[in-house]
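See structure below.
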Amino acid sequence: MTPTIRVQREDFDLQAEVDRLSKGKAGVGAVVTFSGLCRDEGGTLVALELEHYPGMAEAEMTRIGELAITRFGLLGLTAIHRYGKIAPGENIVLVVAAAPHRQAAFDGANFVMDFLKTAAPFWKKEHGKDGAEGDWVAAKDADDAARDKWK
């Protein structure tokens, strides 16, 4: 099984993605979704700019998705990551994992997010309401620790 992977500028429809993985599929007993949103950072942020390495980002997301499908016995997996300038409250990333049982779906979604945060080539920069522009941000130590728990 191949995961559905998309890197796109436009928003996604969470319910449509869930339906695509679950409707009419009797073996699916659990669907877990994770939707990451842009925080407003205490009212100081006007946008979060996300960039990626085209081709490489999709390939790495596919590799991570295939690992999750195999490791957790997933019946379906979708991972969508947006790029461009994203305003507070807007969607950034979506992971949908479908499995026969809930624990596999939860673990699969967590696994994918933990690896997306550290292994997929995405970069982010904050744009403040005061006109300030932050530096490109790297993964945090906590993100590395979350990924390492899967080894």
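- Between W150 and N110, the shortest heavy-atom distance links the atoms CZ2-CB, 3.8 Å.
- Within a 6.0 Å sphere centred on NZ of K140, heavy atoms belonging to other residues, nucleotides or ligands number 12 at most.
- With a 4.5 Å cut-off on side-chain heavy atoms, V93 and F122 do not count as touching.
- Heavy-atom contacts from other residues, nucleotides or ligands closer than 6.0 Å to CZ of F106 number 12 or fewer.
- More than 12 heavy atoms of other residues, nucleotides or ligands sit less than 6.0 Å from atom NZ of K149.
- Side-chain polar atoms of T4 and R20 form a donor-acceptor pair below 3.5 angstrom.
- Looking at T118 and D143, their side chains never bring a donor and an acceptor atom within 3.5 Å of each other.
- Using modelled atom types, one side-chain atom of E58 and one backbone atom of G55 make a donor-acceptor pair closer than 3.5 Å.
- A 6.0 Å sphere centred on NZ of K117 holds no more than 12 heavy atoms belonging to other residues, nucleotides or ligands.
- Note on ring orientation: taking the six-membered ring where Trp is involved, the planes of Y83 and H52 are tilted (angle from 30° to 60°).
- At most 12 heavy atoms of other shown residues, nucleotides or ligands fall within 6.0 angstrom of atom CG in D141.
- Taking the side chain as every heavy atom from C-beta outward, L50 and K125 never approach each other to under 4.5 Å.
- The same ILVMFWY cluster, assembled from side-chain heavy atoms under 4.5 Å apart, contains both M113 and V7.
- Contact check on K124 versus E49 returns no salt bridge, with no Lys/Arg side-chain nitrogen under 4.0 Å from an Asp/Glu carboxylate oxygen.
- A salt bridge does not link E126 to R39: none of the charged side-chain nitrogens sits closer than 4.0 Å to a carboxylate oxygen.
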